[in-house]
Amino acid sequence: MYDAKLAVQTISSDGKVTVTYAWGNLGDNYPGEAAGAGRLVGATLKLERLPNGADVSFVMLSDGALAGTVRLVGQTYTGAFLRQ
């Protein structure tokens, strides 16, 4: 189980976004939080590489759920985010 939270701060008309992303323990990576930036294209939000080295993306599914993918140190983690 991997705990993470995503808060979208801004979305501009050209698809640029700013976010706050917080994560729990993941492999050898300790919990943390980072401000991030990325781009929204269609239903996919791709963030620029986070300070901890993670590449993170999200896809809004047709049922309204948000699927997340984290790539870190050669490992890929996937899961669903619940709206709070």
Side-chain angles (χ1 to χ4, degrees):
M1 182 71 137
Y2 171 65
D3 290 321
K5 291 187 178 190
L6 173 71
V8 176
Q9 305 298 324
T10 64
I11 303 173
S12 66
S13 60
D14 62 359
K16 291 181 182 178
V17 298
T18 59
V19 303
T20 300
Y21 183 70
W23 59 89
N25 286 323
L26 185 61
D28 292 335
N29 193 28
Y30 294 105
E33 179 180 324
R39 179 164 295 281
L40 183 61
V41 178
T44 301
L45 169 58
K46 172 80 170 99
L47 299 182
E48 295 172 1
R49 182 164 284 162
L50 295 176
N52 68 347
D55 292 311
V56 184
S57 62
F58 305 92
V59 176
M60 183 66 71
L61 304 176
S62 60
D63 65 358
L66 184 65
T69 301
V70 176
R71 290 179 180 81
L72 180 65
V73 192
Q75 298 290 322
T76 300
Y77 306 89
T78 60
F81 280 70
L82 304 174
R83 177 173 268 186
Q84 293 184 349

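Below, all heavy atoms of this structure are taken into account, side chains as well, without hydrogens, waters or symmetry copies.
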statement: Contacts of T76 meeting side chain to side chain contact (heavy atoms under 4.5 Å, CB included) (sequence neighbours excluded), chain-then-number -> T69, R71, T78

statement: Contacts of V73 meeting side chain to side chain contact (heavy atoms under 4.5 Å, CB included) (sequence neighbours excluded), chain-then-number -> none

Which residues pass the side-chain hydrogen bond (donor to acceptor under 3.5 Å, both in side chains) test with [X], sequence neighbours left out?
{"X": "N52", "value": "none"}
{"X": "S13", "value": "none"}
{"X": "S12", "value": "D14"}

task: Determine whether the side chains of T20 and Q9 contain a donor N or O and an acceptor N or O closer than 3.5 Å.
output: yes

query: Do the rings of Y21 and F81 sit parallel, tilted or perpendicular, given the 30° and 60° boundaries?
result: tilted

query: Taking all non-hydrogen atoms of both residues, which atom of G53 and which atom of L72 are closest, and how far apart?
result: C-CD1, 3.8 Å

query: In Å and rounded to the nearest 0.5 Å, what is the OG1 to CE distance from T44 to M60?
result: 10.5 Å

- prompt: To the nearest 0.5 Å, what is the distance between CG (L47) and CZ (R39)?
  reply: 12.5 Å

- prompt: When Ile, Leu, Val, Met, Phe, Trp and Tyr are grouped by side-chain heavy atoms lying under 4.5 Å apart, directly or through other members, which residues fall in the same group as V41?
  reply: none

task: May I have the step-by-step check of side chain to side chain contact (heavy atoms under 4.5 Å, CB included) for T10 and K16, ending in yes or no?
output: CA-CA 8 Å; T10 64; K16 291 181 182 178; over 6 Å; no

query: Do the side chains of L6 and L66 get nearer than 4.5 Å, heavy atoms only?
result: yes

- prompt: Mind checking whether V59 and V70 sit in one hydrophobic cluster, side chains of I, L, V, M, F, W, Y counted as touching below 4.5 Å?
  reply: no

